[in-house]
Amino acid sequence: MDLETAKNRIEYLKEIIDQHNYFYYVKDDPQITDQEYDQLIRELIQLEEQFPALQTPDSPTQRVGGEPLPYFEKVEHRIPMLSLGNSFNAEELRDFDRRVRQGITAGQPRYVCELKIDGLAISVRYENGLFVQGSTRGDGTIGEDITQNLKTIRSLPLKLKQPLSLEVRGEAFMPRKAFERLNRIRAEKGEQLFANPRNVAAGSLRQLDPKLAAERSLDVFIYGIGSIEGVEVESHSQGLALLGDLGFKINPEMRAFDDIEDVIGFVEGWTEKRGQLPYDIDGMVVKVNSYAHQQELGFTAKSPRWATAYKFPAEEAVTRLEGIEVSV
Ligand SMILES: CC(C)(C)c1nc(N2CCN(c3ncccn3)CC2)c2cc(C(N)=O)c(N)nc2n1
């Protein structure tokens with residue numbers, strides 16, 4: 001095969017594999033069998049080995065990066081990753097609503113409610129649509145560069161559907177089934193079990209060898225825009241819709257309400273049925289939708305006045321460790 005033919009075939013394979021990654025890992029709706037997918041990947045790997053000059057960093061074959069790192073570089077977040085104020089019951093959500101209504105001068109607030117995924121907060125930067133850097137939240141200002149580990153998360157696109165430059169925030173997590181499978185393997189080996197999926201996600205993303213992170217079937221939900229160039233976005237819900245169109249995995253359970261009583265009903269509903277989810281959540285996040293309202297409300301020293309985290313009451317967690325029941 002000559003270079004020109006190889007170049008066209010490689011471009012085609014990268015495009016089609018990216019599409020199938022999107023269907024499988026982001027939409028959870030595969031369009032081809034695993035065997036057909038593996039065949040495409042194997043052909044691309046062979047062609048890139050045969051024509052190394054045609055291998056690009058955004059190729060799906062580049063997800064499990066190079067050598068283990070000696071340490072993680074520090075990354076300063078251009079836009080700080082803030083904390084969240086907490087609400088612990090319906091009355092405190094009503095207080096939040098009262099403070100919001102006092103803080104805005106025009107219109108009524110609309111709230112977006114999201115599940116609060118119990119994982120590790122991350123920030124990912126794209127330039128002209130290509131994944132360039134990913135980092136942990138750290139202390140909100142300085143995080144650790146974990147680009148190589150985040151590239152192993154198949155639901156995080158290496159190339160966006162539009163060549164935009166932006167920074168997104170999300171929560172990396174381990175699905176409960178993957179957590180249980182991992183602990184079964186560790187139990188069989190007589191190794192100590194992990195206490196919860198969040199610890200595994202955090203531990204996996206802090207591995208210096210990306211091959212270890214790649215084995216942990218981590219996943220991610222993107223929940224916000226840190227910064228974006230060349231696009232006017234006016235509300236959080238509009239921002240989430242744009243992120244979905246770009247190929248990011250957005251949690252489907254988010255809802256918008258105009259009345260805090262409806263927010264309270266939604267939040268209390270999830271308090272009961274969170275066990276049905278395939279991942280852990282430790283509460284809900286309620287955000288004022290309009291960016292103009294967010295601007296008016298501003299921030300306290302460390303967290304936005306336009307958002308609150310509703311924390312579920314700590315449930316009696318019972319974990320089986322080495323066959324005995326312990327309450328944690
Ligand atoms: C952009 C804002 C600040 C409103 C925001 N901040 C969040 N977090 C901040 C505090 N974080 C944090 N992490 C560690 C230590 C202290 N704070 C962890 C992320 C959010 C987390 C989730 C989630 N987990 O599903 C979410 N759907 N939306 C969020 N939105």
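These numbers were taken from a predicted model, which means no experiment stands behind them. Order of appearance sets the numbers: ligands from 1, and atoms from 1 within every ligand. Starting from 1, each residue takes its place in the sequence as its number.
Figure legend: cation-pi geometry between K161 and Y22, with NZ or CZ positioned under 6.0 Å from the six-membered ring centre and within 45° of its axis.
Among residue pairs with one or both ends in residues 238-249, those qualifying as side chain to side chain donor-acceptor pair (under 3.5 Å) are D219-K249; sequence neighbours excluded.
Taking the six-membered ring for Trp and the full ring otherwise, the centers of F173 and F221 sit less than 6.0 Å from each other.
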**Request:** Start with the C-alpha distance between E114 and R255, add both sets of side-chain angles, then the distance that settles salt bridge (charged side-chain N to carboxylate O under 4.0 Å, His left out), and finish with yes or no.
**Result:** CA-CA 7 Å; E114 301 166 5; R255 295 286 181 282; over 6 Å; no
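Paired with K14 under the rule side-chain contact (heavy atoms from CB on, under 4.5 Å), one option of L44, L158, T61 passes, and it is L44.
Ring geometry for Y126 against F131 counts as perpendicular: the plane angle is over 60°, on a 0 to 90° scale with 30° as the lower cut.
Using a 4.0 Å heavy-atom criterion, the residues that approach ligand 1 are L82, S83, L84, E114, L115, K116, I117, A121, R137, E171, Y223, V285, K287, W306, A307.
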